Amino acid sequence: KNQVEQSPQSLIILEGKNCTLQCNYTVSPFSNLRWYKQDTGRGPVSLTIMTFSENTKSNGRYTATLDADTKQSSLHITASQLSDSASYICVVSGNYGQNFVFGPGTRLSVLP
Amino acid sequence: EPEVTQTPSHQVTQMGQEVILRCVPISNHLYFYWYRQILGQKVEFLVSFYNNEISEKSEIFDDQFSVERPDGSNFTLKIRSTKLEDSAMYFCASSLTGPGFSGANVLTFGAGSRLTVL
């Protein structure tokens, strides 16, 4: 069964610190992996998209990595800001029209 | 920047009533989706729509639900005979290409419609 797992479930860090969120998936055959940021009560907003051949992709202070062999991805946030407080969702899709598979998200809280 | 627009932002309805949630996808997008998110839980897939027909639907999307693209711009989700457990945030999303396309275009979400069933 195609699944996406994320860890940790929640994370609290101090403003200015770095953090790394993890995503493991079983979707096969793999096509692409996306990281989304979802503020409370809002729709998810795309941060990065990576295909099979991409190992890393950055979007400002967000850097995503992908290891398609081990089926793992990480999202690294540098110099966290209060506005980074949100849920971060990993979304994976497979080839042959398989639909997007959503992870449960990691809830990040950045404290002053 | 192009947006997916959803209306209403919040709807309160009585159990058993019918509701229609409306979405205006990004104009050149071809794939349309409805998702729901119960408070505190993960985003759940409901249905995908392409070329004026449903391309995939989840177990949640039973006969109570229907989708329509009535005029080439709007994309609607109808929920008949609402139940308490239908209370959730409903997100519309659209993309230029399908999920498995190697070009991996962005899947853009609307801000959501919060449905409260009393």
Side-chain angles (χ1 to χ4, degrees), chain A residues 1-7 9-10 23 25 27-55 57 59 62 64 66 68 73 86-107 109, chain B residues 1-6 9-10 21 23 25-26 31-51 54-61 88-116:
Chain A
K1 183 179 178 181
N2 291 325
Q3 287 187 317
V4 175
E5 297 177 345
Q6 292 186 243
S7 61
Q9 184 176 22
S10 62
C23 172
Y25 61 91
V27 177
S28 182
F30 171 82
S31 176
N32 57 79
L33 184 146
R34 305 154 189 254
W35 282 95
Y36 282 85
K37 177 186 179 187
Q38 185 180 25
D39 292 315
T40 301
R42 306 292 297 174
V45 175
S46 179
L47 295 175
T48 63
I49 305 173
M50 285 184 294
T51 59
F52 181 87
S53 59
E54 295 175 299
N55 300 120
K57 184 164 281 190
N59 178 2
Y62 301 101
L66 173 65
S73 175
S87 288
Y88 291 84
I89 304 172
C90 177
V91 182
V92 182
S93 60
N95 289 320
Y96 313 127
Q98 294 174 43
N99 220 321
F100 298 104
V101 183
F102 282 69
T106 292
R107 178 71 203 173
S109 299
Chain B
E1 187 169 330
E3 291 184 338
V4 174
T5 305
Q6 290 187 244
S9 56
H10 190 191
L21 306 180
C23 169
I26 292 173
Y31 292 79
F32 314 112
Y33 307 85
W34 282 102
Y35 294 88
R36 81 172 185 190
Q37 186 174 34
I38 296 170
L39 186 63
Q41 298 187 22
K42 67 183 286 185
V43 175
E44 299 175 291
F45 168 72
L46 292 178
V47 65
S48 58
F49 193 87
Y50 169 72
N51 199 27
I54 291 174
S55 49
E56 191 170 344
K57 59 183 180 179
S58 71
E59 295 175 348
I60 303 169
F61 194 89
M89 189 76 123
Y90 288 81
F91 292 107
C92 174
S94 71
S95 65
L96 180 60
T97 57
F101 183 63
S102 60
N105 290 118
V106 176
L107 175 67
T108 303
F109 285 82
S113 292
R114 179 169 298 285
L115 175 64
T116 302

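Residue numbers begin at 1 in each chain, while the letters A, B, ... track the order of the sequences. Because the structure is predicted, anything quoted here is derived from the model rather than measured.
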*asked:* For A/Tyr36, which atoms come within 4.5 Å of any heavy atom of chain B: side chain, backbone, both, or neither?
replied: side chain
*Heavy-atom distance under 4.5 Å to chain A: side chain of B/Gln37, backbone, both or neither?*
side chain
*What part of B/Leu107 lies closer than 4.5 angstrom to a heavy atom of chain A: side chain, backbone, both or neither?*
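Interface part for B/Leu107: both.
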*Spacing of A/Tyr62 atom OH and A/Thr48 atom OG1 [to the nearest 0.5 Å]*: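 Atom-to-atom, A/Tyr62:OH and A/Thr48:OG1 are 11.0 Å apart.
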*asked:* Just verifying a value: how many Å separate B/His10 NE2 and B/Thr116 OG1, rounded to the nearest 0.5 Å?
replied: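 B/His10 NE2 to B/Thr116 OG1: 3.0 Å, rounded to 0.5 Å.
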_Whether B/Phe91 and B/Phe109 hold their rings parallel, tilted or perpendicular, with breakpoints at 30° and 60°_ = perpendicular
*Which of A/Ser46, A/Gly43, A/Gly103 touches chain B most, by non-hydrogen pairs under 4.5 Å*: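 Top count of heavy-atom pairs under 4.5 Å with chain B: A/Gly43.
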_Interface residue of largest heavy-atom contact number with chain B, from A/Ser87, A/Pro104, A/Pro44, under 4.5 Å_ =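 If we count pairs closer than 4.5 Å to chain B, A/Pro44 comes out on top.
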*asked:* Does A/Glu5, at its CD atom, have more than 12 non-hydrogen atoms belonging to other residues, nucleotides or ligands within less than 6.0 Å?
replied: no
*Take A/Tyr25 and A/Phe30 through the ring-ring contact (aromatic ring centres under 6.0 Å, His included) test and state the conclusion after the steps.*
CA-CA 9 Å; A/Tyr25 61 91; A/Phe30 171 82; 5.0 Å; yes
